[in-house]
Amino acid sequence: MTQAFPPEIRIPRKILCRKDALLQLPSEAASIGSRGVIVHGASLEKSGIKERTASAMKKSGVECLWICRPSGEPDLNGIASVIREGKAFRANWIAGIGGGSALDLAKAAAGLFNARESPAYYQEGGRLEEKGIPFIAVPTTAGSGSEATLNSVIINPVKKMKLSIRHPAFLASLVILDPVLLKSLPREVIVHSGMDAFVQAYESYISKNASLFTETLALRAIEMIASRLPGAARTKNEDALHEMLFASFLTGIAFSHSRLGVIHGIAHPLGVLYDIPHGLVCSACLIPSIKLNRSVVGEKYGRISRAVGGDFLEKVAALQKELGIVSPFKGKPLIEKEKIIEETLKSGSTAANPGTITREDADFLLREIF
Ligand SMILES: [Fe+2]
């Protein structure tokens, strides 16, 4: 029988989930420390959120160093640079306000703030002994679930690989889920990040390490995302965005305790080699992976199908069509096939796939994806 719970449950200490929850950031941050670094993306300035938050922070007596992260996904050099600036500023905490990349960067910088070795050492499995500083997560997309997890996905620019750095101390001290922050997102960001959440919920649900705890969260998230994502993308309705944000958070809790599957195993090398948004890569790998895993997931296929109101594979195809998602790989040449297969086979995500993935399976996926 499936285990009821994972060996340990680790969730962020405090979660504020409501409209305008961001207004509580200054007083909450002040209670953690009077000096903090805020890592964010360029869109925060354009939306006016940065200006409003900066002035509220000042009124609460909190000194902030705002760091606008470079575009693209975070790499090891980016972590070292945030730590360097944060130390010079004498930061007590680090917040990330943004999508998964901003959160992963802020989270790793906070967790490794006092680490003796360089970030690369911990990405290669080095043991972290030193305590970092508190991390505050404020997601502005509904997708990565990074606000709920204890790992950061970071690019190693030398090895051209995307790998996680994980540690229980990476968990956020505070999570703010405010749907108002999602209202200014471009439609395609809502779609891509929403598909990342959908794929993560699916992979967590069927994961080899799933427990009743993670399955319950993941299945509910699958249902919510399938029904809410099209409306959230089309109308940016606040209730739909709120539900997407909540579903994405639930998904983060689920996969943080179950790991993911072969989609994330293959999506990481594909994302790095082709420089395509992560959620779009995951979406392109979803149907091939459903075909591959269908025979090994048993009755779970029927349960997911019931959650989405019809045959899962057909519903996914219809959802992607409704969202206007076109595969970025179809018609493109397949480059570095051996490297992609090697990385897929040794990925920690692939290891959690319900069926063991062989070289032939990875080859099948690539034939389906391209
Ligand atoms: Fe993902």
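Because the structure is a prediction, the values reported are computed rather than measured. Note that ligands are numbered from 1 as they come in the structure, with each ligand's atoms numbered from 1 the same way.
The ring-ring contact (aromatic ring centres under 6.0 Å, His included) contacts involving residues 44-85 comprise His40-Trp66, where partners must be two or more places apart or lie in separate chains. Among residue pairs with one or both ends in residues 228-259, those qualifying as ring-ring contact (aromatic ring centres under 6.0 Å, His included) are Phe213-His257; sequence neighbours excluded. The salt bridge (Lys or Arg N to Asp or Glu O under 4.0 Å) analysis of residues 180-191, with sequence neighbours excluded, yields the pairs Lys183-Glu238.
A donor-acceptor pair shorter than 3.5 Å cannot be found between the side chains of Asn156 and Asp75. In this structure, a donor-acceptor pair under 3.5 Å is present between the side chains of Ser283 and Gln320.
Listed for the Lys236 side chain is a donor-acceptor partner under 3.5 Å among the backbone atoms of Leu185.
Around the Fe ion (ligand 1), protein N, O or S atoms at less than 2.8 Å comprise Asp196 OD1, Gln200 OE1, His264 NE2, His278 NE2.
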